[in-house]
Every structure is written in C-alpha cells, then in structure tokens.
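Residue numbers start from 1 in every chain, and the chains themselves are labelled A, B, ... in the order their sequence lines are given, proteins ahead of strands.
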2 protein chains.
Amino acid sequence: MKKRTNKLRSHCPVNYGLEAFGDRWALLILRDIVFRGKRTYGEFLKSEEGFATNILASRLDHLIENGILQREGHETDGRKDIYSLTEKGLDLIPLLFEMVLWSAKYDSRSEAGRIIRLVELIRKDNRKISEKVIEQVKRGEAIVPEYLS
Amino acid sequence: MKKRTNKLRSHCPVNYGLEAFGDRWALLILRDIVFRGKRTYGEFLKSEEGFATNILASRLDHLIENGILQREGHETDGRKDIYSLTEKGLDLIPLLFEMVLWSAKYDSRSEAGRIIRLVELIRKDNRKISEKVIEQVKRGEAIVPEYLS
DNA sequence: ATAATTCACTTGCATATTGCAAGTAACAAC
DNA sequence: GTTGTTACTTGCAATATGCAAGTGAATTAT
C-alpha cells in the first residue's frame, strides 16, 4: 500500500478516509476488534480472510501512524502487545455499520444474516446503536455474541 | 487490485464491501458522481487526485462488474459513455457521508469545511439527507453547489 | 540453569499491481 | 478527406503483495 509521505493526494474527506484506512485489510482489523474483541497480533492473524504476517504488521503500523489504533504492552506477557481503538478509531464504527447494512442487502450469502438484530438496530438508528457499541468496545467487549441468531 | 475470481475471501459484510469498492480509487469515482455530477471517463480523469488512465478504466470496469455502476452510450456523441450509479451504488451514499463526517472531524484541513451545512445535515440524520440526495443523484444533479459556503 | 516452544514480527524473493508515457481505434469537427 | 478528441490499451519500470523461512525476545517445560 502507498506509504504515507506526509502529503495526501487531496484534503477531500473521501480521499482522507481512503488514505487512512482504505485498503483491503485495514478495516478488517477494526472489524475484528469491534465484532470479535480481538486485541493481539496473533488473534488478528486468525481471520477467515487469511492475513499475511508482513501485511498484518504493515497495516497495524499504518493504523497506528494514522491515529486510529494504539498499541501498549501486555500486562503480564512481554512477548505480546495489545492493540485497541483510539477515539478516532472508535468513530469509524458508524461507517463499519453502514458497510454491514449495505452488504446485508446486496450479498445474498452474507454472514450479516447471523446478526440480524444488530442489522435492524443499525437500520433503525445507526448513530444511536453506534454510541452504545462504542462504549462496549471501550470496555473491551466483543459485540457479536450478543447479537448471534 | 485483486481481480475478482468469483470467490470472495469471505462473506463477512465488511469484507464484501472491501472487495466491491475497497481500494484507494473506487470510492472517488462515486464521490465525483454524487458531489460533482460527473458522468464521463474524461470528467473522472480530471480529479485533484490524478487518476492514471489504466487505473480509472480498471476501476470503472470493476464497479460495473460489481453492479455498483452502469454504463450506457452517450445520446449524441458515439465516442463517449455515460456512467451512473445503480440502486446498489446509490445505496453507498450513507457510507460516503459517514466518511465525510469522520474526515471533517479528524482532518483539520478538510475540504468538508466548504460544505458545512451538508455536514451538519449528515450528523443530524444521515439516513434522511441520504434519501434526499439519492433522489438528486438519480436526476443527475451534483450536490456540492447547493451546499458550498 | 537450560532447552523447547511461543509470539511478533522481518527477510528474501517471486508474483501481481500500479502508474507513466506513448500509442490506437472510433468518432466528431471542419 | 484531414485533424482533433475521447476512451481507452499497451509496454515497461517501480512498487506492493504475500509465501515460506528465519529471528529475537519472552514464556514455559524440564
């Protein structure tokens, strides 16, 4: 992916977002934090899409550089780091949710079928459910279990 | 970009979206249709981010293959094609708007500063303003002029 | 105390994508 | 019929992707 060189292609808001998280992997990391409560490199590695180790490392760094993720050492295991969303990252939850809505509508085989209740809540009031989920994620919770059908 | 081979990495809704439009150029095309009323290859080419001709062609094809864009011949000029959003593509407007909100908040130099009224309307009720804008875009209108400060 | 294992990467390299510059075919203008 | 425009395609160099193997630090097992 294009390395950030302190010079954006433009300051258009869509472009800004694309440069911050717009590739085929970055938002999957955010998804795994929000939906599954994942926090470590090893957990992220175990996704159904199959991250390459160097790509995962590169994307984690990119998200940190863009202020969307933060990294801190593990409490008791010096080998591991813990990744979490910053405020800036948490504010991407409504956008993730719009993706869920869109895909639930247009992918007939979507796994969104397993969290129908969440999809309904997003459709009803994305802003409201996002605020609730932001609090959950701040506490380190995974939201999928609560909504599984 | 990864060529679609009739096999998605997964049917996760976030991944589905990423495979449909998740690279650094595709959503800029949608932006130019929605915000600027652009319709032709030549108009898309003239963006501040600077599309490469082969990349633009490739992304247009990809969006058409994914049912997000449609192409029809120009009424009177056989050299040109007219691109427009399908229903599936129009349904991405709320997501584009969430990107605008997010970037307006986190990019201190954001051009979103020029469409403050639209940003306020999105923040207030994204779904509502999106429905209005979808109708405008269906009529081929560009929304930026109406909201420029 | 030492050896084995785990975790988070890095590295080398083959393959794929990106994007520049030039070129092409169809069409419009003159 | 000639010239210019539009939407691309092509060739190729640069860059990114991703596989497989390897590395260092830390943990666990002995």
Side-chain angles (χ1 to χ4, degrees), chain A residues 1-10 15 18-29 32-33 38-66 69-84, chain B residues 1-10 15 18-29 32-33 38-66 69-84:
Chain A
M1 107 193 294
K2 241 17 157 196
K3 207 44 174 160
R4 184 178 174 217
T5 58
N6 280 339
K7 188 163 174 41
L8 299 176
R9 295 180 300 183
S10 76
N15 184 71
L18 293 178
E19 299 212 29
F21 56 75
D23 80 298
R24 291 164 74 256
W25 294 102
L27 287 182
L28 294 185
I29 294 171
D32 286 349
I33 293 176
K38 293 183 183 183
R39 309 157 167 257
T40 67
Y41 180 95
E43 291 176 317
F44 296 132
L45 214 46
K46 298 184 197 120
S47 84
E48 40 173 344
E49 294 82 10
F51 278 91
T53 54
N54 55 323
I55 297 300
L56 176 55
S58 162
R59 297 303 183 271
L60 289 169
D61 280 345
H62 183 76
L63 289 169
I64 290 167
E65 280 163 18
N66 278 272
L69 268 195
Q70 63 202 358
R71 168 164 49 201
E72 61 205 36
H74 194 279
E75 270 185 8
T76 59
D77 191 333
R79 290 170 300 181
K80 293 175 175 176
D81 286 319
I82 295 298
Y83 294 89
S84 60
Chain B
M1 105 194 297
K2 265 318 184 232
K3 208 39 178 169
R4 184 177 171 219
T5 59
N6 281 338
K7 186 162 174 43
L8 301 175
R9 294 179 302 182
S10 77
N15 183 71
L18 293 178
E19 298 210 31
F21 55 76
D23 79 297
R24 292 166 73 254
W25 294 102
L27 286 182
L28 293 185
I29 294 170
D32 286 349
I33 294 175
K38 293 182 182 182
R39 310 156 166 257
T40 68
Y41 180 97
E43 291 176 317
F44 295 133
L45 213 47
K46 298 187 196 113
S47 83
E48 39 174 346
E49 294 83 9
F51 278 92
T53 55
N54 55 323
I55 298 300
L56 176 54
S58 162
R59 295 304 182 270
L60 289 170
D61 281 345
H62 182 77
L63 289 169
I64 291 167
E65 281 164 18
N66 278 271
L69 268 194
Q70 62 202 357
R71 167 162 50 201
E72 61 205 36
H74 192 279
E75 271 186 8
T76 58
D77 190 335
R79 290 171 301 181
K80 293 177 174 176
D81 287 320
I82 296 296
Y83 294 89
S84 60

* Asked: Among D:dT17, C:dC9, C:dG19, which is the nearest nucleotide to the side chain of A:Ile55?
  -> D:dT17
* Has A:Arg24 got a side-chain N or O lying under 4.0 Å from the OP1 or OP2 atom of C:dT17? -> no
* At under 4.0 Å, does any side-chain N or O of A:Tyr83 touch on OP1 or OP2 of C:dC9? -> yes
* Rounded to whole angstroms, how far apart are CD on A:Glu19 and C1' on C:dT18? -> 15 Å
* Using a distance-only test with no angle check, is there a side-chain donor-acceptor pair under 3.5 angstrom linking A:Tyr83 and A:Arg39? -> no
* Asked: Separation of A:Ile29 atom CD1 from C:dC9 atom P, in whole Å?
  -> 11 Å
Atom pairs under 3.5 Å: protein N/O with N/O of nucleotides 25-28 of chain D:
unit_1, atom_1, unit_2, atom_2, d
D:dA26, O3', A:Gly78, N, 3.2
D:dT27, OP1, A:Thr76, O, 3.2
D:dT27, OP1, A:Gly78, N, 2.9
D:dT27, O4', A:Arg79, NE, 3.4

* Considering only heavy atoms from C-beta outward, does the side chain of B:Ile33 approach that of B:Ser84 to under 4.5 Å? -> no
* Expressed in angstrom and rounded to an integer, what is the separation of B:Ile64 atom CD1 from D:dA7 atom P? -> 13 Å
* **Backbone N/O of B:Arg9 and side chain of B:Glu19: donor-acceptor pair under 3.5 Å** => yes
* Side-chain heavy atoms of A:Phe51 within contact of A:Ile29, under 4.5 Å -> yes
* Taking only side-chain nitrogens and oxygens of A:Trp25, does any of them come within less than 4.0 Å of OP1 or OP2 of D:dT17? -> no
* Main-chain N/O of B:Asp81 paired to B:Glu72 side chain as donor or acceptor, under 3.5 Å -> no
* Structure fact -> Atom CD1 of B:Ile82 and atom P of D:dC8 are separated, to the nearest Å, by 11 Å
* Asked: Taking DNA chain C as the partner, which of residues 44-54 of chain B come within under 4.0 angstrom of it by heavy atom?
  -> B:Ala52, B:Thr53, B:Asn54
* Listed nucleotide nearest any side-chain atom of B:Arg71, set D:dT17, C:dC9, D:dC8 -> D:dC8
* Asked: Side-chain contact, heavy-atom cut-off 4.5 Å: A:Asp61 with A:Arg71?
  -> yes
* **5'-most by nearest nucleotide on DNA chain C - A:Arg9 or A:Asp81** => A:Asp81
* Do A:Tyr41 and A:Leu60 come within less than 4.5 Å of each other through their side chains, counting heavy atoms only? -> yes
* Between atom NZ in B:Lys80 and atom C1' in D:dG4, what is the gap in whole Å? -> 13 Å
* Asked: Would a distance-only check, ignoring hydrogens and angles, find a side-chain to backbone donor-acceptor pair under 3.5 Å from B:Asp23 to B:Ala26?
  -> yes
* To do: For the residue pair A:Glu43 and A:Asp32, establish whether any side-chain heavy-atom pair is separated by less than 4.5 Å.
  => no
* Separation of atom CD in B:Glu43 from atom C1' in D:dA7, rounded to whole Å -> 13 Å
* Asked: Just how far, in rounded Å, is C1' of C:dT11 from CG of A:Leu56?
  -> 16 Å
* Can you check the B:Asp23 CG to D:dT15 P distance for me, whole Å? -> 19 Å
